[in-house]
Amino acid sequence: MQVLVLGAGQLAKMMAEEADTLGLIVRAFDVRTNQVVDPITKEAHASSLQAAIDAADIVTAEFEHIPLDILTMCENSGKLRPSATAIRTGGDRRIEKGLLDGAWVKNAAYKVIKDITELQHAVNTLGLPLVLKSAMDGYDGKGQWRLKYQQDVERVAVDISEFIKHSSDSQGIVAEQFVRFEREVSIIGARNQQGDVACYPITENQHHEGILHISVARGDESAELQAQAQQIFNNIANALNYVGVLAVECFVTGGQLLVNEIAPRVHNSGHWTQQGAATSQFSNHLRAVCDMPLGSTVQIAPTAMINILGEDELPKTVYQMPGVTVHWYGKEKRPGRKMGHINVTGQDVAELNARLADLASCLDPHAFPLMAQFA
Ligand code: ATP
Ligand code: MG
Ligand code: MG
């Protein structure tokens, strides 16, 4: 079977790395260059998108910000999984918020705004602080504004007006109450066409300047929190009649989960499953979209995933450390760019922590600011 992935980044690459074990061939369509490529070697194939869709048995996506004409073309082939609706829901915060409300999933109170008058109205009804998020195209905290005081409203007014003026008329902004969360976690799971669901244990996400730096799956979250997360996952996945791997990012406040956002795809906070779970999220995504049996989501080791941002090498000693696996994406170095990640496992949480302490001692603290917590 052949799978075509929309998007040719690291997520498509890591899916392709699992393909041999499932007897699948994975091709990628680079939406920016309009080229069909090998997701691992990046070698281009002389093939149009339509020809690649025709040659594929299944079409899927590694990101949600896909031009509508391409998405429609794929949907029309009858091979797209998850559906165009599911992908668009993840790519537009207005649709996403509507879905969460409709599926009875708790999320931060919000208003959709289209101008400064509506922003002021949102401030009056929701209160401050607020987070403003562009409805579409946001990732890694880009396209967001934070408002703490009334004078911040005046401060961002020009910015917001400019943003709305220059964006296509399909744009808008979601003004969301700021959540004073204790932690952030995500739940990742796979759902197949028959509606079977397999969820991984929840993982704790640590962000710095809007970007995910570390995700830790210690495997010691309470059964109560895991059950809550799985209920949320089921509500969302069923509402979308979802097929594939889906990620749900949540805030934890007072033992309750509030959903921040969803990602209709494999997710950075699920990379730990490559070394820490019986089946990786990449394998399970391919299995779900190709109508193959889902693999076990059982955790096999407490695991931490550390993003490598803007660096293209690590000290050699890292490669000698037990329980440490480095994954490089083969991308050109740019400041802050996700270049790879490190998975660290231990037999138990104590061993994981000891290994994280060793790792912290040899990584550059400027490139890995959150590693200090383990030192
Ligand atoms: P990505 O898709 O890369 O995860 P994004 O650009 O879609 O990021 P969000 O996940 O919405 O952005 O926000 C980034 C981070 O900002 C969140 O993980 C969280 O730390 C913080 N944040 C977002 N919304 C809120 C909120 N309502 N209250 C408090 N913090 C928030
Ligand atoms: Mg997002
Ligand atoms: Mg997010």
Side-chain angles (χ1 to χ4, degrees), residues 7 9-11 61-66 86-97 99-101 105-113 119 122-123 125-148 152 156 163 171-188 202-216 229 232 236 245-254 256-272 281 305 307 309-310 329 336-339 341 369-370:
Q10 66 266 22
L11 302 178
E62 66 146 22
F63 76 139
E64 53 275 27
H65 305 300
I66 295 166
I87 295 170
R88 288 188 68 196
T89 302
D92 187 328
R93 296 190 196 277
R94 294 162 298 188
I95 307 175
E96 184 177 34
K97 283 293 207 177
L99 166 88
L100 297 176
D101 292 340
V105 172
K106 284 189 212 134
N107 61 95
Y110 70 100
K111 291 254 180 266
V112 177
I113 61 161
L119 170 59
V123 171
T125 50
L126 299 171
L128 291 168
L130 279 185
V131 184
L132 309 183
K133 301 180 179 182
S134 61
M136 296 166 87
D137 299 332
Y139 68 97
D140 288 347
K142 293 182 175 71
Q144 296 194 4
W145 297 263
R146 304 216 168 171
L147 312 181
K148 229 170 152 183
D152 294 332
V156 302
F163 175 82
Q171 267 285 18
I173 288 176
V174 172
E176 199 174 275
Q177 242 168 24
F178 186 85
V179 178
R180 287 185 179 80
F181 56 81
E182 289 127 36
R183 298 193 297 144
E184 293 191 81
V185 298
S186 54
I187 177 129
I188 289 168
I202 55 181
T203 173
E204 180 183 307
N205 299 326
Q206 302 181 3
H207 294 83
H208 179 69
E209 292 168 356
I211 301 181
L212 181 72
H213 274 240
I214 296 177
S215 187
V216 196
I232 287 171
I236 296 171
V245 162
L246 168 76
V248 183
E249 296 180 11
C250 307
F251 302 124
V252 187
T253 58
Q256 292 293 309
L257 295 176
L258 274 190
V259 170
N260 172 27
E261 60 166 356
I262 67 166
R265 52 174 166 83
V266 289
H267 193 255
N268 198 170
S269 68
H271 292 358
W272 69 272
Q281 63 164 350
M305 188 282 320
N307 271 338
L309 302 166
Y329 308 152
R337 194 176 199 194
K338 286 178 181 168
M339 301 294 292
H341 66 272
L370 300 189

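Order of appearance sets the numbers: ligands from 1, and atoms from 1 within every ligand. Since the model is a prediction, treat every value here as computed from it, not as a measurement.
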Atom of Leu370, atom of His207 and distance for their closest heavy-atom approach: CD1-O, 3.9 Å
For atom 28 (N) of ligand 1, the protein heavy atom that lies nearest, with its residue and separation: Val179 N, 2.8 Å
Validation row: Met305, Leu212 side chains within 4.5 angstrom (heavy atoms): yes
Region of Asn260 engaging ligand 1 - heavy atom pairs below 4.0 Å: side chain
Atoms in ligand 1 with a heavy atom of Arg146 nearer than 4.0 Å: 16 (O), 21 (C), 22 (N)
Atom of Glu62, atom of Arg265 and distance for their closest heavy-atom approach: O-CD, 3.0 Å
Residue portion contacting ligand 1 (non-hydrogen atoms closer than 4.0 Å) for Glu96: neither
Distance, nearest 0.5 Å, that separates CZ of Arg93 from CD of Gln144: 5.5 Å
Considering only N, O or S atoms of Glu261, the one closest to the Mg ion (ligand 3): OE2
Whether His271 and Tyr329 hold their rings parallel, tilted or perpendicular, with breakpoints at 30° and 60°: perpendicular
Nearest non-hydrogen protein atom, atom 24 (N) of ligand 1: Lys133 NZ, 2.9 Å
Geometric N/O contact Gln177 with ligand 1, under 3.5 angstrom: yes
Side-chain H-bond candidate by donor/acceptor type, Ser215 with Thr203, under 3.5 Å: yes
Atom 6 (O) of ligand 1: the protein heavy-atom neighbour that sits closest, reported with distance to 0.1 Å: Gly141 N, 2.7 Å
For ligand 1, the portion of Val131 having any non-hydrogen atom under 4.0 Å away: side chain
Nearest-neighbour protein heavy atom for atom 8 (O) of ligand 1, which is reported as residue plus atom name and distance: Asp140 N, 3.3 Å
Distance in Å, Met136 CE paired with Ile95 CD1, rounded so as to fall on 0.5 Å steps: 7.0 Å
Worked verdict on Leu147 versus Leu119 for side-chain contact (heavy atoms from CB on, under 4.5 Å): CA-CA 11 Å; Leu147 312 181; Leu119 170 59; 4.0 Å; yes
From CG (Leu258) to CD (Gln177), nearest 0.5 Å: 9.5 Å
Proximal atoms of ligand 1 relative to Phe181 (non-hydrogen, under 4.0 Å): 20 (O), 29 (C), 30 (N)
Approximate separation, where rounding is to 0.5 Å, of Ser269 OG and Ile214 CD1: 13.5 Å
Shortest protein heavy-atom distance from atom 31 (C) of ligand 1, along with the residue and atom involved: Phe251 CZ, 3.6 Å
Per-residue contact class, Arg93 against ligand 1 - non-hydrogen pairs under 4.0 Å: side chain
Ligand 1-proximal atoms of Glu249, by part, heavy-atom distance under 4.0 Å: side chain
For Glu176, atoms of ligand 1 separated by under 4.0 Å from a heavy atom: 24 (N), 25 (C), 26 (C), 27 (N)
Heavy-atom gap Glu209 to ligand 1 smaller than 4.0 Å: no
Distance-only donor-acceptor check, side chains Lys338 and Gln10, under 3.5 Å: no
Side chains of Trp145 and Ile173 in contact at under 4.5 Å (non-hydrogen atoms): yes
N, O or S atom within Glu249 nearest to the Mg ion (ligand 3), by name: OE1
Heavy-atom nearest option to atom 19 (C) of ligand 1, drawn from Gln144, Glu184, Glu261, His207: Glu184
Short N/O/S contact of Asp140 with the Mg ion (ligand 2) (below 2.8 Å): no
